[in-house]
Amino acid sequence: MRLAAIIRSDPDLTALLAKARHLALPQWRLVAGCLYQTVWNALTGRPRGHGIRDYDLIYFDDIDLSWDAEDAVLRRAAPVLAEGVGPVEIRNQARVHLWFERRFGGPYPPLPSADAALARYAAVVHAVGVRLEPDDTLSIAAPFGLADLFGMVLRPNPALANGPAYAAKAERARALWPELTVIPWPGAAEAPVKCAGDTAAISTGLSPAPSPFSTSP
């Protein structure tokens, strides 16, 4: 698989995946920006790590929803992840609904699993996650497919009211990867933007699909 090959060709990502596996967090995945940005760098010939600000590691533990339990995971992970790329942002997806509205101003229904969080990210292309399995295979979750990832399309996912976050991410992404096609948030006045001279979007044959879930990188 093309995505797996790109990930395996990046020594920083492969080392981080191995360390994350060692932590053995329930339902863990490395997700979003560090993955799609790695692919965009590979597609456009940019240096490894270009534009990557952090590495998002999610997991799902609904046994103890306290901050103390999540903080204990962060403290346990710190020495394991210290020598690699970073910063690594670790979040228990089982407790996102407890703080999301206070921080971002909109409701966030409880999630049933870590993978369900992917379908609520602001853009279709953000919805990708990988896990290094015990047999060294890469498990890939992409609820909307990979067409936008390899086509370099930034398309809104209106599962949540994420318009402002999407606009900010789109502005940054457009500056770093001008080859992108950026589709405005629904209701925005701006037309889709593609820089003059860009090549046609590449397609993997996988089209975005409706979210399989009820409703953020």
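All values reported here derive from a predicted model rather than from experimental measurement.
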Under a 4.0 Å N-O cut-off, is there an ion pair linking R103 with E101? no
Kindly determine whether L23 and W28 satisfy side chain to side chain contact (heavy atoms under 4.5 Å, CB included), including the steps that lead there. CA-CA 9 Å; L23 291 171; W28 74 271; over 6 Å; no
side-chain hydrogen bond (donor to acceptor under 3.5 Å, both in side chains) between S9 and R48, worked out: CA-CA 10 Å; S9 71; R48 188 164 48 83; over 6 Å; no
In Å, rounded to the nearest 0.5 Å, how long is the span from CG of L132 to OG1 of T14? 9.0 Å
Steps toward salt bridge (charged side-chain N to carboxylate O under 4.0 Å, His left out) verdict (D56, R91): CA-CA 8 Å; D56 293 316; R91 290 290 179 267; over 6 Å; no
Atom pair CG (L160) and CZ (F104), whose distance is rounded to the nearest 0.5 Å: 10.5 Å
If you look at every heavy atom in L81 and K19, which pair is closest and at what distance? CD2-CB, 3.8 Å
Salt-bridge criterion met for E70 and R75 (N-O under 4.0 Å): no
Determine whether more than 12 heavy atoms belonging to other residues, nucleotides or ligands lie under 6.0 Å from atom NE2 of H97. yes
Does the side chain to side chain contact (heavy atoms under 4.5 Å, CB included) test come out yes or no for H50 and W40, once each step is laid out? CA-CA 9 Å; H50 170 78; W40 290 348; over 6 Å; no
Side chain to side chain contact (heavy atoms under 4.5 Å, CB included) between V39 and R2, worked out: CA-CA 10 Å; V39 171; R2 194 178 182 190; over 6 Å; no
side-chain hydrogen bond (donor to acceptor under 3.5 Å, both in side chains) for S66 and D68? Distances and angles first, verdict last. CA-CA 5 Å; S66 70; D68 287 344; 5.2 Å; no
Can you name the one residue among D148, V124, L154, V153 that meets side-chain contact (heavy atoms from CB on, under 4.5 Å) with I183? V153
Mind running side chain to side chain contact (heavy atoms under 4.5 Å, CB included) on L25 and V73 for me, showing each step along the way? CA-CA 9 Å; L25 299 173; V73 169; 3.6 Å; yes
Does L13 offer a backbone N or O that forms a donor-acceptor pair with the side chain of D10 under 3.5 Å? yes
Is there a donor-acceptor pair under 3.5 Å between the side chain of T137 and the backbone N or O of E133? no
How far does OH of Y121 sit from CZ of F144, to the nearest 0.5 angstrom? 11.5 Å
Verify side-chain hydrogen bond (donor to acceptor under 3.5 Å, both in side chains) between W177 and N41, making sure each step is shown before the conclusion. CA-CA 8 Å; W177 297 276; N41 289 337; 2.8 Å; yes
Please confirm whether the backbone N or O of D61 pairs with a side-chain atom of N92, one donor and one acceptor, at under 3.5 Å? yes
Consider side-chain hydrogen bond (donor to acceptor under 3.5 Å, both in side chains). Of Q93, Q27, R29, R131, which one does D115 pass it with? R29
